[in-house]
Amino acid sequence: MERENWTSKFGFILAASGSAIGLGNIWRFPYITGTNGGAAFLLIYITAIILIGYPVLISEMAIGRKTARNPIGAFKKLAPDTPWWLVGALGVLSGFVILSYYSVVAGWGMSYAVKSIGGFADGTDFAALFGSHISSTFSPIFWHAAFMFLTVAVIGAGIVNGIQKVVKVLMPMLFLITFLLIFRSLTLEGALKGLIFYLKPDLSAVNLQTFVDAISQAFFTLSLGMGAIITYGSYLSENDNINESAGYVMFFDTAVAFLAGFAIFPAVFALGFDPAAGPGLTFITLPAVFAKMPLGALFSFLFFILLTIAALTSSISMLEVVVAFLVDEYGWNRKKASYFMGFLIFFVGLPPLLGYSSFSNFRFLGMDVLDTYDWFSNVIFLPTGGLLTAIFVGYYWGSTNAVEEANKNSSFKIGKSYRFLIKYIVPAAIIIIITLSLINSI
Ligand code: PFF
């Protein structure tokens with residue numbers, strides 16, 4: 001079968017932006033910004049996105065388009081008879097692991113969207129509600145399965161009829177809901193306190209860990225280091241331009257992360273709450289905020305739909321990595337590969353799901369199963385994948401080849417600075433963050 005191509009330039013940009021914009025933007029970014037020095041963090045983060053994220057984003061797109069293969073096939077094609085294909089294999093493994101727990105969390109989001117419809121009674125103990133939701137079994141398993149099913153259905157339908165069609169509808173919805181939530185949040189009395197918490201520059205909160213957090217977040221949020229962008233890039237045609245597309249993806253991803261903070265903190269502070277981290281902020285603080293807000297049920301529903309949409313347009317990119325591998329390398333039928341892998345990944349997601357009930361005794365470095373999966377992905381898999389990709393491009397395939405591929409049809413040309421960044425700055429920065437994160441966790 002002929003390999004599909006995105007049918008429009010914007011199809012690819014939306015799909016790759018959809019991959020980038022996910023749970024990372026909505027529940028991780030606003031909180032780390034608020035607690036890591038506000039505008040000072042933002043500046044460091046944007047620097048990391050431009051100096052480290054952008055070159056790797058371009059590299060992955062170039063590898064993808066040049067080879068028109070899944071990550072394993074791509075490395076095999078550019079470096080035949082060498083162990084470089086293992087970098088692709090690490091990517092496929094990461095896709096597998098990240099998707100398994102990502103779907104569990106997305107499932108919580110879906111179930112909260114449904115719970116929101118009836119509205120939450122003021123005075124509900126939201127910490128207890130969340131605790132009882134995640135430590136039950138039937139409901140989280142049902143929603144995890146439902147979310148995996150949606151992911152499988154999109155990927156099974158193909159690149160143009162599945163991914164591209166879905167992101168063309170969901171991404172505008174995502175932007176629209178974000179703006180509605182911002183409007184609601186900013187028009188509450190006392191909203192300013194939230195903005196001050198979010199953005200007030202605080203240099204005293206900046207230390208070495210701030211840089212580590214900024215760089216790790218840049219990687220996760222741009223979906224780098226696991227071949228998702230290689231895979232999406234493999235459906236690019238010669239007419240598409242890589243440098244500009246990567247610029248759009250970087251811009252949209254940063255914009256949504258930044259804007260999510262405007263939707264969240266003004267409301268949290270206006271209604272008298274303290275911000276919490278990650279799942280606590282999303283599933284405990286925010287429902288409490290919505291419960292107190294005029295038209296709260298509607299905005300709560302919208303927020304959890306936003307979370308689900310953001311998660312879905314990311315999860316499909318993870319499943320696509322794994323499915324493209326079976327389709328390209330073993331000639332599997334796309335539908336069959338999607339269902340088979342979706343099923344398998346569903347099972348791999350059960351341990352993190354049950355980590356709050358049956359497996360609650362499990363501890364690794366003090367973390368529960370879900371945090372353990374997340375730690376391996378964020379601290380080991382993605383940075384290692386990104387590091388090896390940069391080394392591959394800088395020293396094996398050659399930055400000249402990458403530049404040539406990336407510049408085809410691009411009116412914005414890359415050259416010297418890209419080569420310098422990919423050969424020296426990106427590898428050095430990643431080695432430093434892996435080392436520091438390991439020292440910190442152990
Ligand atoms: N970029 C997504 C987020 O910010 O939530 C997560 C992600 C998606 C990571 C796809 C890796 C990936 F391949």
Side-chain angles (χ1 to χ4, degrees), residues 14-33 45 48-49 53 56-57 59-61 63-64 70-71 87-88 90-106 108-109 147 151 154-155 163 167 170-171 174 178 213-234 246 249-250 252-261 278-279 282 306-325 341 345 370 373-386 389:
L14 285 181
S17 304
S19 170
I21 300 168
L23 297 175
N25 300 56
I26 295 171
W27 86 4
R28 201 163 13 218
F29 177 83
Y31 185 77
I32 51 178
T33 304
Y45 173 80
I49 288 275
V56 179
L57 199 56
S59 306
E60 289 204 16
M61 288 181 187
I63 294 175
N70 70 92
V87 182
L90 179 67
V92 174
L93 174 74
S94 316
F96 209 88
V97 174
I98 301 180
L99 179 52
S100 77
Y101 73 87
Y102 208 82
S103 165
V104 171
V105 177
W108 297 346
F147 184 80
T151 306
V154 176
I155 292 307
I163 304 176
V167 295
L170 291 186
M171 295 310 286
L174 183 143
T178 308
D213 288 347
I215 298 172
S216 319
Q217 174 67 10
F219 252 81
F220 187 79
T221 193
L222 290 174
S223 306
L224 298 175
M226 61 156 266
I229 301 296
I230 295 183
T231 311
Y232 272 13
S234 75
V249 173
M250 187 168 71
F252 284 135
D253 181 68
T254 307
V256 172
F258 181 60
L259 291 174
T282 309
L306 170 71
L307 199 72
T308 306
I309 293 176
L312 183 64
T313 56
S314 296
S315 68
I316 56 180
S317 70
M318 301 182 214
L319 186 62
E320 181 55 33
V321 172
V322 180
V323 166
F325 162 65
M341 278 301 174
I345 295 173
L370 195 143
Y373 276 41
D374 189 47
W375 184 86
F376 271 99
S377 314
N378 281 333
V379 175
I380 314 276
F381 297 164
L382 297 187
T384 308
T389 305

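Just follow the structure's listing: the first ligand is 1, and inside any ligand the first atom is 1.
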Relative to the heavy atoms of [X], which atoms of ligand 1 are at a distance of less than 4.0 Å?
| X | answer |
| --- | --- |
| L23 | 5 (O) |
| A228 | 13 (F) |
| S19 | 1 (N), 2 (C), 8 (C), 10 (C) |
| S317 | 10 (C) |

What is the nearest protein non-hydrogen atom to [atom], stated with its residue, atom name and distance?
| atom | answer |
| --- | --- |
| atom 13 (F) of ligand 1 | M226 SD, 2.9 Å |
| atom 9 (C) of ligand 1 | F220 O, 3.6 Å |
| atom 5 (O) of ligand 1 | Y102 OH, 2.6 Å |
| atom 10 (C) of ligand 1 | S223 OG, 3.3 Å |

Item to check | W375 and I380: CA distance, side-chain angles, deciding distance, side-chain contact (heavy atoms from CB on, under 4.5 Å) verdict | outcome: CA-CA 7 Å; W375 184 86; I380 314 276; 4.0 Å; yes
Checklist entry - Aromatic rings Y373 and Y101: how do their planes relate, parallel, tilted or perpendicular, breaks at 30° and 60°? => result perpendicular
Shortest non-hydrogen separation from [X] to [Y] and the atoms involved:
| X | Y | value |
| --- | --- | --- |
| G18 | T313 | O-OG1, 3.0 Å |
| Y102 | F220 | CE1-CZ, 4.1 Å |
| L57 | A246 | CD2-O, 3.5 Å |
| V321 | P71 | CG1-CG, 3.9 Å |

Checklist entry - If you measure from atom 4 (O) of ligand 1 to every heavy atom of A20, G18, S314, which option wins on shortest distance? => result A20
